[in-house]
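Beneath this line is the structure, given in structure tokens, with notes to follow.
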Protein chains: 2
Amino acid sequence: MDAQLKRGVLDVCVLAAIKNEDSYGYKIIKDLSPIVELSESTLYTILKRLETAGMLVVRSTEFEGRLRKYYHITPRGMQRILDFKNEWKEIMDIYSFIGKED
Amino acid sequence: MDAQLKRGVLDVCVLAAIKNEDSYGYKIIKDLSPIVELSESTLYTILKRLETAGMLVVRSTEFEGRLRKYYHITPRGMQRILDFKNEWKEIMDIYSFIGKED
DNA sequence: ATTGATACCTCGGTTTACGATGTATAGCGT
DNA sequence: ACGCTATACATCGTAAACCGAGGTATCAAT
């Protein structure tokens, strides 16, 4: 999928990936891979960004000798998802316009 | 609408705006404004980009003393629209994923 | 004469996806 | 013992692209 098209949706995808159950970086990538491909460098950048924005909180744990950071969505993060859904109507209007009069 | 969300769709919007009838910069902005807001600086950047990519061709004319550059879509530009429509399924999958299990 | 609409364009800032690269542990096959 | 793969984190530099601010110019209306 085109990199430009991902902008604006990747953030929300990551939030959606942790919405129902806390998750960690490596697992988020695996879970999202059937839906959207994203690299590790991109994911960790997004996670840092969302944390700074207060849309998720981090809890560092140790799992089988390896560091594992669990991410938990905040109310602000949930709101971000709702905002995106409200914006979806506009996206659909754009699609209708593009497909008009073939 | 969020600037990031526009990426990847604005190009196609501009192509769609000239798809059925040749148009010029100022008019394209007016025609698109109900669908997507975009600034002049953005539009002219996009037009130059699409021209370089061979997706449209330009014809300069004079209209009531003012310069007016008409843009005409090429087969490659039409193909770009088709490609976008094929990518739409992936976008819908993303939306389904985000809305899943509320 | 001044304002607003029409019509074009450029520059710099900011955001963001991604490849390349680095660190470290655990487990498996040879 | 050694290498490879999977797991799991992180940083850096690059390129793409939207936009505000600013610039130029014509024409109509006040």
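Naming convention: chains lettered A, B, ... in sequence-line order (proteins, then strands); numbering from 1 in each chain.
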Upstream residue (5' side of DNA chain C) when A:Gln4 and B:Phe63 are each assigned their closest nucleotide = B:Phe63
Comparing B:Tyr71 and A:Asp11 on DNA chain C - which has the more 5′ nearest nucleotide | B:Tyr71
Between which nucleotides of DNA chain D, 5' to 3', does chain A make heavy-atom contacts below 4.0 Å?
-> D:dA6 to D:dA17
Taking only residues two or more places apart in sequence, or in another chain, which ones meet A:Tyr24 in a side chain to side chain donor-acceptor pair (under 3.5 Å)?
-> A:Arg68
Mind checking whether A:Thr61 and A:Tyr70 have side chains closer than 4.5 Å, heavy atoms only?
-> yes
Using heavy atoms and a sub-4.0 Å distance, could you list which residues of residues 38-45 of chain B are near DNA chain C? By number, please.
-> B:Glu40, B:Ser41, B:Tyr44
Indicate, with a heavy-atom threshold strictly under 4.0 Å, whether B:Lys27 touches base, sugar-phosphate, or nothing.
-> nothing
Chain A contact limits on DNA chain C, taken 5' to 3' with a cut-off of 4.0 angstrom to heavy atoms | C:dT15 to C:dA26
Residue list, salt bridge (Lys or Arg N to Asp or Glu O under 4.0 Å) with A:Asp93, at least two apart or on another chain | A:Lys89
Just jot down the salt bridge (Lys or Arg N to Asp or Glu O under 4.0 Å) partners of A:Lys27, sequence neighbours excluded, or say none.
-> A:Asp31
Pairs where residues 43-56 of chain A contributes a residue and the test salt bridge (charged side-chain N to carboxylate O under 4.0 Å, His left out) is met, not counting sequence neighbours | A:Asp11-A:Arg49
Looking at residues at least two apart in the chain, or sitting in another chain, which of them share a side chain to side chain donor-acceptor pair (under 3.5 Å) with A:Thr42?
-> A:Ser39
Partner set under side chain to side chain donor-acceptor pair (under 3.5 Å) for B:Asp2, not counting sequence neighbours | none
Only counting residues at least two apart or in another chain, list the ones meeting side chain to side chain contact (heavy atoms under 4.5 Å, CB included) with A:Phe84.
-> A:Val9, A:Val12, A:Arg80, A:Trp88, B:Leu5, B:Tyr95, B:Ile98
Apart from A:Phe63 itself, what residues make up its hydrophobic cluster, given side-chain heavy atom links below 4.5 Å?
-> none
Hits for side chain to side chain contact (heavy atoms under 4.5 Å, CB included) against A:Ile35, two or more places apart or cross-chain, chain-then-number order -> B:Ile94, B:Phe97
Whichever of A:Lys30 and B:Arg66 has the more 5' nearest nucleotide on DNA chain D, that residue is A:Lys30
